[in-house]
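What follows is a set of notes on a single structure, which appears directly below.
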Amino acid sequence: MRSGPQRLLRRLACAGTLAALVPAALAPATAQNLLPETFEIGLSTERIGITSDFNGARLVIFGALDNADAQILRQQRYDIIVALEGPKRPVVVREKERTLGLWINRGSEDFNAAPSSYALASTRPLGDIAPESTLAQLSIGIDDLRLDAKRQGETAVPNRDIYATAFRRIKKETGLYNQTHGTVEFVSPTLFRADLQLPADLPVGRHVARAFLFRSGVFLRERSDELYVVKTGFENFVYDFATRNSLTYGIFAVLLAIFTGWFGRIVFRRD
Amino acid sequence: MNLYLPIAELSVNVFVLIGMGAAVGFLSGLFGVGGGFLITPLLIFYNIPPAVAVATGANQVIASSFSGALAHYKRGTVDLKLGTMLLIGGAVGSVLGVLLFTLLRRLGQLDLIVSLLYVVFLGTVGGLMLVESVRAMLRASGDGSGEIRKSGHHSWIHRLPLKMRFQRSKLYVSVIPVLGIGLFIGILGAVMGVGGGFIMVPAMIYLLRVPTSVVVGTSLFQIIFTAAVTTVLQAATNTTIDVVLAFLLMIGGVVGAQFGAEAGRKLRGDQLRALLALLVLSVCLRLAFQLVAYPGELFSITLPTGELG
């Protein structure tokens, strides 16, 4: 019974010695770096309005890195990844198979929270920044992006069956998913900027910008900020009308057609 | 000039859509078909989500049919009584059709069913019409109206009860097949996004034996209402009517329809039927090829309701 507290005391003493030793040994290298690195991000805009001539957009995300180790910074061993994830939606991916000579939708798989768009910028290729397992754990990059919301007791292994792979491929082909490297640049030792290219068919809704800081392949911390993509002006008016007063909208559409038909007859009659 | 469509949620070229509307409107005025069976595939080809294309096609059809029907009404080639009877059946059919549309979309088989329906109906109708009209043309090569010969022999359709007289069409026939045709075309219209004119016209010509001149006007009159019911139902249940897209198509459509109606007056009935048959068959062949040929992309992504995500 008495051995318990004694062992604990001994351990504490040991730890104390170690804690005292470590800063002493590394003191010359980390003189100005007693505090851990922190970073913050800021978006160039909080709201992207889709107007009638919307044709894609460029989003610049600025960030500041504080308490960075000058030496590691010089060796370019800090890496930053910035990604903008579109609204998560449940989707069904279907596969066509040849049946009785016809191509028919057969197999399918549901994903309950697939980002509808994804744009990523990073300092270097993702594989050089961190090991695969880390990327998967954090859901970074198109190949490691999680398409399902994490359920209880589920491991963080990204889904890579044929349906998930096809989903990623189609999203990449349509430009809704894109990732580039070398697009996060340090403009000063503490300030960096990330350039993201957003497609013309950017989905409306709440987008989340997530930024990750790595030091020599080790994940340090994550920051996130949100961005709203909204329809503006006339587009927004029509969309609201169609969704909120759908019956009135339908009747309006019919009356518009009748009027156009009548007006066309008056103006362009050929008899 | 590009324009962002609020419901289809993509950017399109305004002039391409107006041109599409004009071409289809011309055929619509010429043949008395709404043109939906042409505009829907064209829109899908232009990357408009199929559900929006189908529903918005119905909206566009109202404008060109109304414009065409006005031209026919002035010439006295609209049988309002026959049109109203077809309509009653058509309205019920539209309601059933929209329910079916929603169900099929959820099951992920909408595209397949729509394509199969197109191929089966376009193929049958087009084939029969082509054979008949070519025969009529050969017969009438000397002189003649090119009208369908009224055979002394009456089909089973003419033996059904509840007979009714349709003066304009010079017809005395049971209302059962008239209501039935209306109902059936209402269902097809809602599922396929068409007014059903391409089936209505041959059905009236061959099953009911209505004179070709009256068929076109009456079909257009009836399509206005069927398409209107479909439009309102699609808007209320599926939110798939893009009024901006529809309006662009209408502008082209109404202009085209007037020119089409004028061109139609210069053609004989049998020539008109043969041309329509060729048009119907070519759309059928294209769709059939699509079903059988290896698709470029085997996978498709949709929301659980079947809408494109």
Side-chain angles (χ1 to χ4, degrees), chain A residues 50-55 89-98 101-105 108 110 114 116 162-163 166-167 169-171 173 200-201 203-204 231 234-239 241-243 246-247 249-254 256-265 267-271, chain B residues 2-4 6-7 9-11 59-71 74-75 108-109 111-112 116 224 227-228 231-237 239 241 243-244 246-247 250-251 253-255 257-259 261-262 265 291-295 297-304 306 309:
Chain A
I50 306 244
T51 50
S52 56
D53 56 352
F54 182 77
N55 199 23
R89 287 177 191 159
V91 296
V92 185
V93 179
R94 297 180 209 273
E95 187 190 14
K96 280 195 170 73
E97 269 176 59
R98 190 167 206 150
L102 303 177
W103 290 93
I104 292 175
N105 280 340
S108 70
D110 295 22
S116 44
I162 53 163
Y163 295 101
F167 177 84
R169 178 172 50 76
I170 292 171
K171 286 290 201 181
E173 281 167 6
D201 47 356
V204 292
K231 291 176 189 170
F234 179 66
E235 281 65 36
N236 183 42
F237 171 76
V238 173
Y239 181 80
F241 187 17
T243 45
S246 52
L247 189 65
Y249 175 82
I251 294 166
F252 169 77
V254 170
L256 177 71
I258 296 279
F259 173 78
T260 315
W262 169 79
F263 192 72
R265 162 79 183 148
V267 176
F268 300 102
R269 65 191 303 167
R270 311 282 300 164
D271 45 21
Chain B
N2 279 305
L3 196 68
Y4 182 84
I7 305 295
E9 300 191 332
L10 80 168
S11 194
N59 190 9
Q60 188 275 141
V61 159
I62 302 172
S64 51
S65 304
F66 189 74
S67 175
L70 281 176
K74 193 181 160 238
R75 275 155 49 199
Q109 300 299 358
D111 293 352
L112 172 73
L116 278 179
I224 298 167
T231 301
V232 172
L233 288 174
Q234 289 284 15
T237 54
T239 324
I241 303 283
V243 87
V244 176
F247 186 67
M250 283 175 208
I251 296 172
V254 293
V255 181
Q258 295 306 317
F259 283 88
E262 189 197 20
R265 279 193 295 280
L291 277 178
V292 182
Y294 180 80
E297 175 62 76
L298 287 178
F299 291 89
S300 59
I301 305 170
T302 62
L303 298 184

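Residue numbering restarts at 1 for every chain, and letters A, B, ... go by the order of the sequence lines.
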With only heavy atoms counted, which part of I50(A) is less than 4.5 Å from chain B, the side chain, the backbone, both or neither? side chain
From CZ (F259(A)) to CZ (F247(B)), nearest 0.5 Å: 8.0 Å
Scanning both residues in full, the closest heavy-atom pair of T239(B) with A242(A) reads CG2-O, 3.4 Å
Mind checking the CG-CZ spacing from L3(B) to F234(A)? Nearest 0.5 Å is all I need. 8.0 Å
Considering residues at least two apart in sequence or located in another chain, which fulfil the salt bridge (charged side-chain N to carboxylate O under 4.0 Å, His left out) criterion with R169(A)? E173(A), E297(B)
Just wondering, more than 12 heavy atoms not from Y4(B) lying within 6.0 Å of its OH? yes
Which atoms of L116(B) approach chain A - backbone, side chain, both or neither, heavy atom under 4.5 Å: side chain
Who pairs with K231(A) by side-chain hydrogen bond (donor to acceptor under 3.5 Å, both in side chains), at least two apart in sequence or on another chain? E9(B)
Determine the option with the most heavy-atom pairs under 4.5 angstrom with chain B, choosing from L247(A), I170(A), I251(A), T243(A). I170(A)
Would you call V243(B) and Y249(A) a side-chain contact if the rule is heavy atoms closer than 4.5 Å? yes
Could you check which of I258(A), N236(A), V93(A), I162(A) has the highest count of heavy-atom pairs closer than 4.5 Å to chain B? I258(A)
Under the side chain to side chain contact (heavy atoms under 4.5 Å, CB included) rule, what do F263(A) and V254(B) come out as? Steps first, then yes or no, please. CA-CA 8 Å; F263(A) 192 72; V254(B) 293; over 6 Å; no
Choice from G261(A), A114(A), G250(A) maximising heavy atom contacts with chain B below 4.5 Å: G261(A)
Top residue by heavy-atom pair count (under 4.5 Å) with chain A, among V244(B), I251(B), I224(B), I62(B)? I62(B)
Cut-off 4.5 Å, heavy atoms of chain B, and the answer for V267(A) is neither
Taking every non-hydrogen pair under 4.5 Å, which of T231(B), T237(B), L233(B), N59(B) racks up the most with chain A? N59(B)
Segment of A228(B) engaging chain A (4.5 angstrom heavy-atom cut-off): both
